[in-house]
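What follows is one structure encoded as structure tokens, with my remarks underneath.
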Amino acid sequence: MSQLADISHIAIIMDGNGRWAERRGLSRTDGHVEGVSTVVKIVKRAAERDVKFLTLYTFSSENWKRPQKEVEFILQLPKKFLFQYLPELMKNNVKINILGDIRQLPYSTREALKHAVRKTAKNDGLQLNFALNYGGRQELLKAFEEMKAAGDDVTEDHLEKYLYTAGMPDPDLLIRTGGEKRLSNFLLWQMAYTEFCFSDSLWPDFSVEEFDAAIDEFAVRHRRFGGL
Ligand code: FPP
């Protein structure tokens, strides 16, 4: 029954790393390291469940306000993650893509990301989108600027061409962990019709079983409304 969910795009706000660490008397950065382990599990599961797009809110345009040491630490994580897991991602046919303005990221992180995007470009399994230095309002302003510069009429189709998600379906399901119930400037345009699932689990505690349950719950909601 759990295989029936027709779900092509899942977006996740991975919240709660800091609290997870603080509750254990660890440093917040330990929480982010543990958060990477959850990313590994969930990416694998999403691929198994035939999800086509998985978009992870990894660093928002607002996250620069955190202490510099934490910012630096988070911005090294994509590089470390790719160094360790790129071979496995290749094996699992995962294609990597970035949403956001990566020009402000550290040089070595940018290079690691570009390398991963190039290397996985021909993979046609799960597309894994890392939202990095991403903000929904900033994305919309960028899109309007580019639309204006191109002399396009203002239409939904034209606007969508200039979003980071051009060519992708809108998210079917948003999962937010960590107990907060807000959108935090994530995919504002794209989530106009998205179903929301809020979990009280902190991201390092978020399990494959909970992920499966969120997909199954989506399938039920879909069936209920689809028939009307
Ligand atoms: C929110 O938790 C989490 C972040 C801002 C960072 C998210 C990053 C990861 C999960 C790891 C990145 C993974 C890869 C593969 C690059 P928080 O720190 O706001 O937690 P809190 O609300 O408990 O303080």
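First listed ligand is number 1; within each ligand, the first listed atom is number 1. One is the number of the first residue; the rest follow in order along the sequence.
Side-chain N/O atoms of T29 and E70 include no donor and acceptor closer than 3.5 Å.
Here E180 has no heavy atoms under 4.0 Å from ligand 1, in either its backbone or its side chain.
In terms of N/O distances under 3.5 Å, ligand 1 is not approached by N63. Residue-to-ligand polar distances keep W203 apart from ligand 1: every N/O pair is separated by 3.5 Å or more. Residue-to-ligand polar distances place R19 within reach of ligand 1: an N/O pair is separated by less than 3.5 Å. The shortest N or O to N or O distance between Y57 and ligand 1 is not below 3.5 Å.
Taking the six-membered ring where tryptophan is involved, the planes of Y57 and F186 are essentially parallel, since the angle between them stays under 30° and well short of 60°.
The nearest protein atom to atom 12 (C) of ligand 1, hydrogens excluded, is given as T58 CG2, 3.7 Å; this is a heavy-atom distance. Protein heavy atom in closest approach to atom 1 (C) of ligand 1: M14 O, 3.2 Å.
With respect to the salt-bridge test (charged N to carboxylate O, under 4.0 angstrom), the residues K142 and E146 qualify.
Residue pairs meeting the side-chain hydrogen bond (donor to acceptor under 3.5 Å, both in side chains) criterion with at least one member in residues 81-93, sequence neighbours excluded, are N93-D124.
The F81 neighbourhood of ligand 1 comprises atoms 15 (C), with distances under 4.0 Å to a heavy atom of that residue.
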Only pairs under 3.5 Å count here: list side-chain donor-acceptor contacts from residues 110-118, not counting sequence neighbours, and write none if there are none.
from, atom 1, to, atom 2, distance (Å)
R110, NH1, R103, O, 3.2
R110, NH1, L105, O, 2.9

